[in-house]
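Whatever order the structure lists them in is the order used to number ligands and atoms, beginning at 1.
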Amino acid sequence: MQTATELEMLRTAIARLRDGGKTLALVPTMGALHEGHLTLVREARRRADRVAVSIFVNPTQFGPGEDLDAYPRQLAEDARMLEAEGADLLWAPDVAQMYPDGFATAISVAGVSEGFCGDSRPGHFDGVATVVCKLFNQVRPDLALFGEKDWQQLAVIRRMARDLDLVAPHAGAIHGVPTVREADGLAMSSRNRYLSPKARTAAAVLPRAMREAIARIEGGAEVAPTLAMLEEALLGAGFAHVDYADLADAATLAPLDALGPRPARLLVAARIEGTRLIDNMPVGPQGD
Ligand code: PAF
C-alpha cells in the first residue's frame with residue numbers, strides 16, 4: 001500500500017493504480033479506524049479493482065467547543081490496518097494541503113442537511129460536503145463507500161454528488177454500507193472510546209430502546225408517545241440529553257408522524273458524559 005500526503009504524489013499513485021483501465025473505489029474516513037471502516041474497505045475491494053482510503057480529520061465539520069482537538073489520531077496504526085485489509089492507497093493530506101491559505105469556498109446542500117444533526121451541529125454538513133467534494137475531485141473514484149451509521153451524511157453526499165455531477169452517475173456510485181455493531185448492539189464509532197466503562201454500559205441502552213420503539217411503531221403504536229418513551233428510557237439510563245429522536249422518510253428525511261407507504265428510518269442523537277452518539281434503524285418495509 002502506498003501512502004500519499006501531497007496532491008502530486010496522489011495523482012501519480014492513482015495513474016499507476018488505474019493503469020490498464022482498473023476501477024477505483026474511495027473510502028473517505030477521519031481515521032481512528034475500527035471494524036466499521038474495515039467493513040467498508042472489504043466491500044470496496046469486492047466492488048472495484050483498486051481501493052483508496054482517505055484519512056483526514058476535517059476541521060471544517062467540527063463546531064466551536066466540539067472534539068476536534070481530542071479526536072483520536074493514530075495514522076501509523078491505521079496504515080497498518082489498511083495494509084492488512086489489502087487497501088492499495090492511503091491518502092493522508094494535512095490541513096494546509098486540504099485548505100490552502102485563502103481557502104474561501106463552501107458547499108451547502110439544502111433540504112437533507114436541515115434538521116437532525118444539521119440543527120444540533122450548525123455548519124457540520126457544509127464542512128462534510130465541502131471536504132467530500134474535494135476528495136472526489138482529488139481521487140476521481142468510480143464509486144465511494146460510506147457507513148449507514150451517518151444516515152443524514154449519506155443523504156447529503158448522495159444529493160451533492162447528483163447535483164454536482166460528482167462520481168459516475170450510476171446508482172451504486174455512492175454506496176451505503178450497513179452499520180457494524182458491537183456485541184451488545186452499540187453502533188461502532190471512533191467516539192465510543194471516549195466513554196467511561198459506566199457510560200459504555202449505559203450506551204448499549206440506545207440501540208435496545210430504539211429496537212423496542214420500532215417494534216411498537218411497527219405494531220401500530222402512535223409515533224409521538226413512542227418516541228417520548230424512547231427519550232425517557234435514554235435519560236433514565238444515564239444519557240444527559242437527547243438531541244433528537246425522530247421518525248423520518250428514509251430518502252428525503254422529511255419528519256413523519258406515522259408510518260406511510262415509503263421506507264422510514266428512526267434517527268437518534270443523544271449525549272452521554274459529553275460524548276454525542278448517533279444511530280439510525282429502518283422502520284417498516286424498506287422495499288428492494
Ligand atoms: O464520516 C466521516 O468519517 C466523515 O464525515 C467524512 C465523510 C470522512 C468527511 O470528513
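- The existence of a salt bridge linking Glu77 and Arg80 is excluded, since no basic side-chain nitrogen approaches an acidic carboxylate oxygen closer than 4.0 Å.
- Looking at Arg16 and Asp88, no side-chain N of the basic residue comes within less than 4.0 Å of a carboxylate O on the acidic one, giving no salt bridge.
- In terms of N/O distances under 3.5 Å, ligand 1 is approached by Gln61.
- With salt bridges taken as basic N to acidic carboxylate O contacts below 4.0 Å, none links Asp19 and Arg50.
- Inclusion of Thr29 in the set of residues having an N or O under 3.5 Å from an N or O of ligand 1 is not warranted.
- Put simply, the side chain of Gln152 gets close to the backbone of Val112: a donor and an acceptor are under 3.5 Å apart.
- In summary, the atoms of ligand 1 found under 4.0 Å from a heavy atom of Val131, numbered by their order in the structure, are 9 (C), 10 (O).
- In terms of protein heavy-atom proximity, atom 5 (O) of ligand 1 is nearest to Gln153 OE1, 2.7 Å.
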